[in-house]
Every structure is written in structure tokens, then in C-alpha cells.
Amino acid sequence: MLAVNTTSVLAKDSQPSVVGQATIASIAPEYAGTLHQKREDAAMKKWRANRIGQFFHFGLYSILGSEYKGKRVEVGEWIQNTQRISKEEYSKLLKQFNPTEFNAAAWAKMNKKMGVNYMTITTKHHDGFCLWPSKHTDFSVENTPYKKDIIGPLVKEYTKLGIDVTLYYSVMDWNHPDYRVRINSPADKQAMERYMKYAIAQLDELLTRYPEAKSIWFDGQWDPAYKSQPEWGWKLEKSVRRKHPNIIINNRVRSDAHANLDRDMSGQHYADFDSSFERKLPSDTSTELPKADWEACYTIMENGWGYSKQLVGHLKDSKELVEASAKCVSRNGNFMINFGPKPDGTIREYELNLAKEIGQWMKVNGNAFYGAEGVPLAKPSWGYITKKKEKRYLILFNKSKETNIQVPFKADNIVKVRVLGAESISIPRTVEDNGMAQFDISKLPQASIAHVIELSLKK
Ligand code: FHN
């Protein structure tokens, strides 16, 4: 039997937004578009300065490892839906969830060494399973052989190491009896109203239990029922802010009165930042920098976020991930890298190696990212430019193709040039007719990931 109330695809389903007898036209305007300014408070500035984050998808689906009845699926965390596993059948995984090797301190240590400044964990993904002992449902870690809270130790250990914690929460819930994909009757609407109370109560519970959390990352907001009632997302966002006034929320929380996701009618993203760059990065052809805060996320596999026994297809390597990070920071965005932990709670070798390689690079070059932002200049052929106060960072990804690089800064303005981690290598400088600097980088050895040249400009 197909699990009830599930969407079958990720597609943004555009059913006419009819709620009982009311249409979207009758929805109060305050639930429609809102204009948000870029937040400039301390919490948001910290979020922005963090730049590089870790994402984890961990849950019951991790046990299946993207395989069901001998068949491999591409997106492990969607296996209940794509393989039409009934709720009853899927719930049997509760009795198998026992990550005895889970060690929150080890995860935090791995991430500290990797050089990430925030971590996002799936407290509840679309399957509805909760990684904390929620008093509002039995479908939680408490009713597994493991029994213990997963979220609490993560919040504690990451916070201890100075890594901010974000709690991922899926609005879509394939387990909850009141969740509705579509609203076809007044009874459906009442059920979904009850579900929204449940979601609000769970978020309140999460923020009561883990007040150190800095951010809530909503997802699974695209089903027609939720989109058809913009006030539900509005209430959800308000309730979280009431509980935790400094909280940072992504824009996947709301839709507008026309059921458009994540943005209001003027095109501004909802909430505090735009998280729509998933498995893709924005174009870098414009010299204008994005005005809003934004974040991109990548998963190591092509399109699976939860654990997969087999690692197949295009796997990202550390160079690709660092380059994506550079691209994000050079466009004023954050970048989050997803791992899918194994059912025993450990992290696979491939991901541990990535963490190690990225960490080694960040240790030397992280200053080009942390607290940095982009410059409103055309993207150079050799890589990316970021800045922090009077420093400019030239992140060289295509060194092999060039021996001389043109730099869009006046030679006269540059007071110091150094290669991070290789200060003894001198970079001869020439001045072009227009006064701009040109560097001879032929003495730089080939880097396994990328060299960073730090320029200090006159104040
Ligand atoms: O459906 C989910 C998917 O499983 C994963 O959690 C990603 C991460 O951003 N978000 C959704 C797809 O947009």
C-alpha cells in the first residue's frame, strides 16, 4: 500500500489553490507578500561570517542505505515515497535504529578540523521520524533500541567547539495522520490545521530543549495543501520568532497568496535568507553582487542526501567543494556540504577524507572565506576574488592555464602580497598601462586544490 498523503515527486505541484470553498483571493493580505530588509543584527552578521557549513541527513532511511528489496534508489531519504513503502512497513525500521557508534563529540571534532563554522542536522525529515524524544509523537528515537536523544549531544558538542547549530525541520510529514498533501474537503483542512499545531508545538519543543540553536532550516514546503494557506507558513515563522527572537530562518518556510514558494509577490525571499540554491550555484556572469543573503548546499553524491551503501555516479571531491565554496563567498553567499552518516552513526571513509582534505586547505586559506565577501567586479579567468576590510584574496583555481594573471586592483594601492601558506614564494609584479597590477605566478607550484594570494591594499 502506498503511504498515504505523500507527494510522488519533488515537482512543484500547481493544483488550483482551493481551500474548502475559499479561494486564495480571500486570504487576508497580511499573509501575502512582505518586504524584508537584509538583517544587520549580531546573530545575522555571525551567520554571514560563518560562510562554510556542514549538513547531515540522518534518520530511519539511513538503515536502508538507498536500497530496498535489492533495488538501488538515487535519493535515499526519499525511499519510503519512491518505493511506495507503507507507513506500517516503514515504521518497522524503528526497531532497527540503533546507531551504537554515534559519537557527537567525534562529529564535532571532525567538523572543527574541517573548518566549518555551522552545522545543520535533520531533526525531522519528510518521513516524520524525530531524532529527539518528542513528547508530541511516538515516531521518535525514544522508541528505537537506541532510545537516546541524538540532537541534544550534537547541540552540546558543536556549541562547545564554537560551531553554530541549525535545526532542519521538514514541514512535509509522511507519518503524521493529520498531514495532508491536498485539501479536498473541510475535514482535510481541519486535519491540516491540527498538523500545523503539531509542527508549531514541535518547533517550540526543539527550541525549549536546545535554546543554543541559532537557526531553523525549513524544507518540504511545496505540497499544495501547505502552499494554499499562506497563513500557515506565516504562523510557523511567527511562532519560531516569538520563541527565539534572534533565530535565523531560511525562506523555505512560506508561500505567497498565489502559492508561489519562498518569495513574496515582489520577488523578495521570505524570512532571513534564500536557500534555494540546492545542488546548483548562481551564475557569476554579473558584476553586481546579490543583494539578499543566500546559501547554497551540495551533497557529495549526485542527488542523494541520506546514506547510500553504494557510492555511484559523480562524487564531489575536495577541489570541487572548495571551488564551490569560493564561488559562493565571492558572491556573498554561504555554502553547506552534506554528508549522509551510516546507520551505526559513523561517517564513511570517503566523507572523512573529504573533511580532512578540506580542513587542511581551510587551515591555511580559510581567511579568504571566513568573514569575507565578494567584490563587484567581473569574475577573473583564473578563479575568484573575496575581500575582508583592506585585504583582497585571489583564489587561483586555474593556475595551470596561466603564468601571468591580471588583477583588477591598481598596483599603487597594493602594499603587500603574500601567498597563504607559502610566504617565501615571491610573486613578481608588473604594472599595466592602465595602472592595474599583473602578477607572475610561474614560481607557484601546482596546488592540489588552489593557492590563495592575499593582497593588502592601502587603507
Ligand atoms: O526533499 C529534500 C531532500 O531530501 C533534501 O533534504 C534536500 C536538502 O536541501 N531538500 C529537499 C529537496 O529540496
Side-chain angles (χ1 to χ4, degrees), residues 3 5-14 52-66 68 72-83 85 90 116 118-131 151 166-175 179 181 199 215-227 233 248-255 260-263 269-282 294-308 313 316 321 324 328 333-341 351:
N5 289 329
T6 60
T7 44
S8 55
V9 281
L10 277 170
K12 315 297 183 215
D13 194 323
S14 57
I52 311 298
Q54 170 77 61
F55 207 170
F56 287 117
H57 278 65
F58 189 44
L60 292 184
Y61 46 79
S62 313
I63 299 168
L64 298 176
S66 307
Y68 188 63
R72 181 174 189 276
V73 300
E74 200 190 339
V75 187
E77 73 283 3
W78 271 77
I79 201 162
Q80 178 186 5
N81 182 276
T82 58
Q83 298 311 297
I85 307 175
Y90 191 78
V116 306
Y118 67 105
M119 182 280 286
T120 304
I121 176 75
T122 48
T123 62
K124 178 188 91 148
H125 201 259
H126 310 332
D127 63 1
F129 175 66
C130 300
L131 280 181
I151 304 301
T166 295
L167 305 176
Y168 168 109
Y169 187 87
S170 170
V171 173
M172 184 156 76
D173 191 314
W174 300 331
N175 177 67
Y179 181 79
V181 172
S215 173
I216 300 286
W217 210 95
F218 286 101
D219 201 6
Q221 79 290 31
W222 51 79
D223 275 344
Y226 184 69
K227 286 197 309 183
I248 291 162
I249 302 176
N250 68 334
N251 64 330
R252 299 191 190 189
V253 61
R254 292 176 63 186
S255 58
N260 293 314
L261 288 172
D262 312 335
R263 287 173 187 280
H269 68 77
Y270 279 120
D272 302 317
F273 69 94
D274 180 2
S275 61
S276 55
F277 291 97
E278 177 178 309
R279 299 190 296 125
K280 63 179 183 214
L281 300 177
W294 62 276
E295 175 196 64
C297 54
Y298 264 24
T299 183
I300 299 312
M301 290 171 289
E302 267 175 43
N303 183 17
W305 300 75
Y307 177 63
S308 169
K316 278 102 189 165
L321 294 168
C328 290
N334 285 10
F335 186 66
M336 192 157 62
I337 301 166
N338 177 74
F339 291 171
E351 290 164 342

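Treat the numbers as computed from the prediction; the structure is a model and nothing was measured. Counting convention: from 1, in listed order, for ligands and their atoms alike.
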Aromatic ring pairing W78/H126, orientation class (parallel under 30°, perpendicular over 60°, tilted between): perpendicular
Numbering as shown, the atoms of ligand 1 that approach E77 to under 4.0 Å (heavy-atom distance): 3 (C), 4 (O), 5 (C)
Sidechain-backbone polar pair: D262 side chain, H269 backbone, donor-acceptor under 3.5 Å: no
D127 and Y61 side chains, donor-acceptor separation under 3.5 Å: no
Under the side-chain contact (heavy atoms from CB on, under 4.5 Å) test, residues paired with S66 that sit two or more places apart: V73, S308
Residues V171, D219; criterion side-chain contact (heavy atoms from CB on, under 4.5 Å); working and verdict: CA-CA 6 Å; V171 173; D219 201 6; over 6 Å; no
Among R279, H57, H126, closest by any non-hydrogen atom to atom 1 (O) of ligand 1: H126
Under 4.0 Å to a heavy atom of Y168 - the qualifying atoms of ligand 1, by number: 6 (O)
Polar proximity ligand 1 side, W78 side, N/O cut 3.5 Å exclusive: yes
Within-shell test, W222 vs ligand 1, heavy atom, strictly < 4.0 Å: yes
Ligand 1-proximal atoms of R252, by part, heavy-atom distance under 4.0 Å: side chain
Residue list, side-chain hydrogen bond (donor to acceptor under 3.5 Å, both in side chains) with E295, at least two apart or on another chain: Y118, W217
Ligand 1 to W217 polar contact by distance, N or O atoms, under 3.5 Å: no
